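Atoms within each ligand, like the ligands themselves, are counted from 1 in listed order. All of these numbers come straight from a predicted model, not from anything done at the bench. Note that the numbering runs from 1 along the sequence shown for the chain.
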Amino acid sequence: MKLDYKILHFETTESTNQIAEEEVFRNRPAEFTVFYTDFQTKGKGVGSNTWYSNRAENLLLSIVLYPDFLNPADQFLINKIVSLGVCQCLSEFIPQRNCFIKWPNDIWIDFGKIAGILSRNTIMGNQFETCIVGIGLNVNQINFSPDLPNPVSMAQIAGHPFDRDQVLHSLIQRIAYYYNLLKINDLKEIDQQYLEKLLYFNSKATFIADGNEFEGIIRGLDQFGLLLVEKDQRINKYDLKEITLKINQ
Ligand code: BTN
């Protein structure tokens, strides 16, 4: 499959998600237009978090999608295919390590966070309008602020730096591959690969919910992307704000 995509590069911007959103609103750029920057002054993370990244060391990008074929109730599927695309890209450049999807939107390697995904969807009535997929991938940064929880980069793992453009192009192609699987509705393949990559799937893990720490087993996700956790032979559903997964190193 030949993918046409356009990369718009900015030396500095507040946030690629922000400029992508503005541009979608103003000019509706083609699907797979990529807003890519060397440095963000207001990089956004999940919730009220900030995404920090040294200048020109990592990948900071937002991809514009128009998944109008998708039922808004299934929007978590976008998150799944993007996570799979990031994992495939990482397997190409650092095949010596397995990477995992830490639900709902982190990519982990060696008990460290190597990438984060922040999507912003626009839905009108029952119709999916736009999806801006923001991705921060740690490529060449070696020194991280001690305030960040467990960051890790491709260069730290491999012991050498990478060509960011090469990683960027691979990343876009990989995401496009999985986006196409979504278009042709191959949900079985997507779900199977997702569960293979899901951190702690079918194994015991420690969680915190309602202020209580407990042991449970991740049994998968429901249609809406809620996490299914088994505890005392009962399966409970959680959304992001309700549960924290503790990483046992
Ligand atoms: C997370 O909190 O894990 C998600 C981080 C997402 C960061 C990326 S960097 C490119 C894009 N622009 C932003 O402001 N955030 C996303």
Side-chain angles (χ1 to χ4, degrees), residues 5-25 29 32-65 75-76 78-87 89-90 99-122 130-141 144-145 147-154 162 164-165 167-172 174-175 197-199 225 227 239-241 243-247:
Y5 58 93
K6 188 167 165 188
I7 297 179
L8 303 173
H9 176 250
F10 303 81
E11 276 179 15
T12 302
T13 180
E14 282 192 5
S15 149
T16 55
N17 273 21
Q18 179 74 34
I19 43 167
E21 264 171 46
E22 287 166 10
E23 199 47 26
V24 162
F25 182 71
F32 274 96
T33 300
V34 178
F35 294 81
Y36 170 52
T37 192
D38 292 336
F39 190 71
Q40 297 185 131
T41 54
K42 285 190 187 154
K44 293 179 198 158
V46 171
S48 53
N49 294 345
T50 305
W51 187 260
Y52 295 103
S53 169
N54 285 355
R55 177 175 290 279
E57 294 187 358
N58 300 317
L59 291 186
L60 304 163
L61 65 141
S62 299
I63 305 175
V64 175
L65 300 175
Q75 55 188 290
F76 194 80
I78 301 274
N79 212 309
K80 284 188 177 174
I81 60 113
V82 173
S83 303
L84 286 171
V86 177
C87 286
C89 169
L90 287 168
C99 66
F100 294 95
I101 299 164
K102 179 170 175 280
W103 177 88
N105 43 24
D106 290 354
I107 308 298
W108 279 56
I109 287 190
D110 280 358
F111 297 106
K113 176 166 171 171
I114 196 158
I117 299 161
L118 182 66
S119 303
R120 174 93 191 264
N121 300 331
T122 314
T130 58
C131 173
I132 310 281
V133 179
I135 304 168
L137 171 62
N138 297 331
V139 181
N140 290 329
Q141 190 163 334
F144 290 91
S145 155
D147 302 337
L148 297 175
N150 299 324
V152 69
S153 69
M154 292 169 61
F162 291 85
R164 283 190 308 146
D165 280 350
V167 182
L168 174 65
H169 287 285
S170 161
L171 179 64
I172 299 165
R174 305 286 185 175
I175 291 172
K197 287 275 164 207
L198 185 62
L199 187 66
L227 191 67
D239 86 10
L240 169 65
K241 291 175 221 88
I243 193 162
T244 308
L245 169 61
K246 274 187 77 178
I247 301 292

Just checking Arg164: does its CZ atom have more than 12 heavy atoms from other residues, nucleotides or ligands closer to it than 6.0 angstrom?
yes
Would you indicate whether Tyr52, at its atom OH, is surrounded by more than 12 heavy atoms from other residues, nucleotides or ligands within a distance under 6.0 Å?
no
Return the closest protein heavy atom for atom 5 (C) of ligand 1 as residue, atom name and distance.
Trp51 CE3, 3.3 Å
Closest approach of any protein heavy atom to atom 12 (N) of ligand 1, naming residue and atom
Gln40 OE1, 2.9 Å
Considering distance alone, does some N or O of [X] sit under 3.5 Å from an N or O of ligand 1?
X	answer
Asn105	no
Ser15	yes
Lys42	no
Lys44	yes
Val46	yes

Gap separating the [atom1] atom of [X] from the [atom2] atom of [Y], nearest 0.5 angstrom:
X	Y	atom1	atom2	answer
Asp165	Tyr36	CG	OH	5.5 Å
Ser153	Leu59	OG	CG	11.5 Å
Gln40	Ser15	CD	OG	5.0 Å
Phe111	Leu199	CZ	CG	7.0 Å
Ile107	Leu90	CD1	CG	7.5 Å
Ile132	Gln18	CD1	CD	10.0 Å

Identify, by atom number and element, the atoms of ligand 1 in contact range of [X], meaning under 4.0 Å from any of its heavy atoms.
X	value
Gly43	14 (O)
Ile117	4 (C)
Asp106	3 (O)
Leu60	9 (S)
Leu61	10 (C), 11 (C)

Under a 4.0 Å heavy-atom limit, does Thr16 contact ligand 1 with its side chain, its backbone, both, or neither?
both
Contact partition for Lys113 relative to ligand 1, non-hydrogen atoms under 4.0 Å
side chain
I want to check something: taking the side chain as every heavy atom from C-beta on, are Ile175 and Val133 in contact at a cut-off of under 4.5 Å?
no
